[in-house]
Each structure stands twice: as structure tokens, then as C-alpha cells.
Amino acid sequence: MKRGTRREVERRLLRAPKSEQRDAAFRKAIRQIPRGKVATYGQVAAAAGYPLYHRHVAAMLRRSGGTLPWQRVVGSGGQIKLKYEAGLEQRTRLELEGVRFIGKRVDMAEHQHRFRVWEFD
DNA sequence: ATCCTGACCCAAG
DNA sequence: GCTTGGGCCAGGA
């Protein structure tokens, strides 16, 4: 993927619709979740600077194909929100990263990612 | 403008 | 553990 100078990126963002900026912020937050850790939709939204936009994180994830570690985003309490096969795949992917489950939920005490507070933009 | 929908969330019962 | 109802917000029809 082409990088672009910081200036170009900034200019593109200014021109972009608000929803694009939001999604970019979501993606940025999600990319910061390391292997073996997870964050909730709400935490991603808040970390990105958009509290109350948890549903939109899900919407963005749904559209965005493959480019993100989507399996690391779960529902509150560590619940997997995807249904059927997709849900199983997410669980499998997480377990492959070493994430342990307690029943149907991710062991959040052990695997929840804490976003650093100083990463605004 | 209205109505519906969603990989959500939370408090109740 | 459930199930329900309400709140939340933007996008699409």
C-alpha cells in the first residue's frame, strides 16, 4: 500500500466525509490491539474519540474486509457477537493467538487490551 | 422527513 | 444464567 506523506494524509482526511474520519480512527485504534489481546466495541469507539459509537465500529468492521485484526474486537464482557460460523471462526482465531475463554466469554481479566490515554490526533 | 436496521450496551426482572 | 425494553447513532430505502 502506498504510504503518502503526513501532509497528504492530513489533506485527504480534511476533504473526507466525517464517517471516513471516524472509520479511520476506529481502524487506527483496532490496529493497536496486540496479538493475544482484545478490546470491546465500546472501548474501541471511545479510544478512537467517539464514545457512543460502538455500533458504528461494528458496521465498519462488517464492511472492511481482511485488512484488520477484526477478531480482537468483542462485545462487552468478552462476548463474541458474530453468529454461527463466523462466531466460531473468531473464537478459533483468538484461541490461536493464545486467548483463553471462560465459557462463552473471553477471559477479559487476562486478555483485555488497555488503550493508552494519550493517543488522540 | 420517516421508518427500519444493526458483529452494541446496560439495567431490570 | 436467561429475556426485555430502552437508549444510542448513522445509513439506506
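Throughout, a chain's letter reflects where its sequence line sits, starting with A, and its residues are numbered from 1.
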Checklist entry - With sequence neighbours left out, which residue pairs that include part of residues 29-44 of chain A fulfil the salt bridge (charged side-chain N to carboxylate O under 4.0 Å, His left out) condition? => result none
Item to check | Pairing residues for A:Gln90 by the side-chain hydrogen bond (donor to acceptor under 3.5 Å, both in side chains) criterion, not counting sequence neighbours | outcome: none
Item to check | Non-neighbouring partners of A:Glu97 that pass side-chain hydrogen bond (donor to acceptor under 3.5 Å, both in side chains), sequence neighbours left out | outcome: A:Gln71, A:Arg72
Checklist entry - Could you run down nucleotides 7-13 of chain C 5' to 3' and tag each one B, S or - for protein heavy-atom contact under 4.0 Å? => result BBBSS--
Checklist entry - Quick one: salt bridge (charged side-chain N to carboxylate O under 4.0 Å, His left out) partners of A:Arg63, sequence neighbours excluded? => result A:Asp23
Item to check | chain A footprint on DNA chain B, 5' to 3' - any atom under 4.0 Å from a heavy atom | outcome: B:dG6 to B:dC10
Checklist entry - C:dG7 and B:dA7: how far apart are their P atoms, nearest whole angstrom? => result 22 Å
Checklist entry - Heavy-atom distance under 4.5 Å between the side chains of A:Val73 and A:Leu68, does that happen here? => result no
Side-chain polar contacts of residues 45-57 of chain A - donor-acceptor pairs under 3.5 angstrom, sequence neighbours left out - could you list them?
none

Checklist entry - Which residues pass the side-chain hydrogen bond (donor to acceptor under 3.5 Å, both in side chains) test with A:Glu95, sequence neighbours left out? => result A:Arg91
Checklist entry - Is there any ring pair (Phe, Tyr, Trp, His ring centres under 6.0 Å) pair reaching into residues 60-94 of chain A, and which pairs are they, with sequence neighbours excluded? => result none
